[in-house]
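Working notes for the structure below.
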Amino acid sequence: MSASPPEPVVPARLSWLADLQARPPDSDLGPLQLAWLGDAVWELHQRLERCRTPARARDLHRQVVDEVRAEAQARLLAKLEPRLTPAEADLVRRARNRAGRGPRGSDPATYARATGFEALLGWLFLHDPPRLVVLLDHLQHHNP
C-alpha cells in the first residue's frame with residue numbers, strides 16, 4: 001500500500017481557505033466579473049487578517065482601505081508576477097486591457113494593474129483555492 005502525499009500545510013491566518021473547494025461557474029466569467037469577485041476576496045482576506053488584532057473599528061477600516069486601494073494592489077501584483085504561471089499572467093494581461101480608465105483622478109495604468117490582481121484572485125478563488133493560498137502566503141511573507 002502506497003502512502004498518500006501529505007496534505008499541504010495551510011498557515012493559520014489562511015485557514016478560511018483551507019477547506020474551500022473549487023466551484024467554477026457554469027459559464028466563463030469575463031475578466032471584469034472576475035475582478036469584481038477578486039476585489040471581495042481580497043477585502044475579506046484583509047478584514048480577517050485585521051480582526052485578530054484588538055483595535056478600534058475605525059482604525060481597522062483604515063488599515064483595510066490602505067490594502068485594497070489600487071496602488072497597493074498594483075504593488076502586490078508586481079511581487080506576484082515572477083511566480084505566475086503563463087495562464088495566470090495571460091489572465092492578468094486580459095484584465096488589465098479591459099480595465100478602462102478607472103476613477104477620476106487615478107492613474108489608469110495603476111488601476112489596470114489592480115484590476116489584473118483582482119481578476120487573478122477571483123479566478124483562483126473559483127478554480128484553484130490551493131493556489132490562492134500559496135500566493136496569499138507568499139504576499140504575507142514578502143510584504144513588510
Side-chain angles (χ1 to χ4, degrees), residues 1-53 55 59-144:
M1 179 188 272
S2 65
S4 60
E7 289 292 318
V9 176
V10 177
R13 67 189 173 283
L14 298 175
S15 62
W16 71 280
L17 290 167
D19 295 322
L20 190 64
Q21 299 296 313
R23 295 182 195 265
D26 293 336
S27 62
D28 287 339
L29 298 179
L32 297 181
Q33 291 170 304
L34 291 170
W36 181 76
L37 177 62
D39 180 57
V41 170
W42 182 241
E43 182 165 347
L44 178 59
H45 176 67
Q46 290 304 312
R47 285 176 177 251
L48 288 169
E49 288 289 308
R50 301 300 179 298
C51 74
R52 293 180 175 91
T53 306
D59 296 335
L60 295 172
H61 174 73
R62 286 181 184 150
Q63 291 172 17
V64 169
V65 167
D66 287 345
E67 290 298 320
V68 300
R69 297 179 76 87
E71 295 82 10
Q73 292 178 352
R75 281 192 306 273
L76 293 170
L77 178 61
K79 292 178 182 186
L80 289 180
E81 283 176 321
R83 302 180 63 88
L84 298 182
T85 67
E88 292 166 348
D90 185 57
L91 171 64
V92 167
R93 179 192 54 79
R94 288 186 292 118
R96 278 192 344 246
N97 289 343
R98 294 287 315 274
R101 291 194 40 79
R104 188 176 308 182
S106 70
D107 174 44
T110 298
Y111 182 77
R113 292 184 57 74
T115 301
F117 175 77
E118 293 170 345
L120 175 65
L121 296 187
W123 191 90
L124 291 172
F125 179 80
L126 293 173
H127 296 272
D128 195 352
R131 175 71 173 152
L132 178 59
V133 168
V134 167
L135 293 180
L136 291 178
D137 190 51
H138 175 75
L139 290 177
Q140 188 73 25
H141 285 97
H142 296 91
N143 191 27

Do the non-hydrogen side-chain atoms of [X] and [Y] ever get within less than 4.5 Å of each other?
X: Leu80; Y: Phe117; answer: yes
X: Arg113; Y: Gln73; answer: no
X: Thr115; Y: Val92; answer: no
X: Leu34; Y: Leu121; answer: no
X: Val65; Y: Arg62; answer: no

Which atoms form the tightest heavy-atom contact between [X] and [Y], and what is the distance?
X: Tyr111; Y: Ala70; answer: CA-CB, 4.4 Å
X: Gly116; Y: Ala95; answer: CA-CB, 3.8 Å
X: Pro31; Y: Ala119; answer: O-CB, 3.7 Å
X: Asp66; Y: Ala72; answer: O-CB, 3.3 Å

Set of side chain to side chain contact (heavy atoms under 4.5 Å, CB included) partners for [X], sequence neighbours left out:
X: Glu43; value: Arg47, Val64, Val68
X: Leu60; value: Arg50, Ala55, Gln63
X: Arg131; value: Thr85, Glu88, Leu124, Asp128, Val134, Leu135

Could you give the distance from [atom1] ([X]) to [atom2] ([Y]), rounded to the nearest 0.5 Å?
X: Arg23; Y: Phe125; atom1: CZ; atom2: CZ; answer: 9.5 Å
X: Leu91; Y: Arg96; atom1: CG; atom2: CZ; answer: 10.5 Å
X: Leu32; Y: Asp39; atom1: CG; atom2: CG; answer: 12.0 Å
X: Leu136; Y: Gln46; atom1: CG; atom2: CD; answer: 8.5 Å
X: Thr110; Y: Leu77; atom1: OG1; atom2: CG; answer: 11.0 Å
X: Arg75; Y: Leu139; atom1: CZ; atom2: CG; answer: 12.0 Å

Within the distance-only criterion (no hydrogens, no angle test), does the side chain of Trp42 pair as donor or acceptor with the backbone N or O of Glu67 below 3.5 angstrom?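 Here the side-chain-to-backbone pair exists.
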Can you establish whether the number of heavy atoms outside His61 located under 6.0 Å from its atom NE2 is more than 12? no
Counterpart residues, side chain to side chain donor-acceptor pair (under 3.5 Å), relative to [X] (two or more places apart):
X: Asp90; value: Arg93, Arg94
X: Arg98; value: none
X: Gln33; value: none

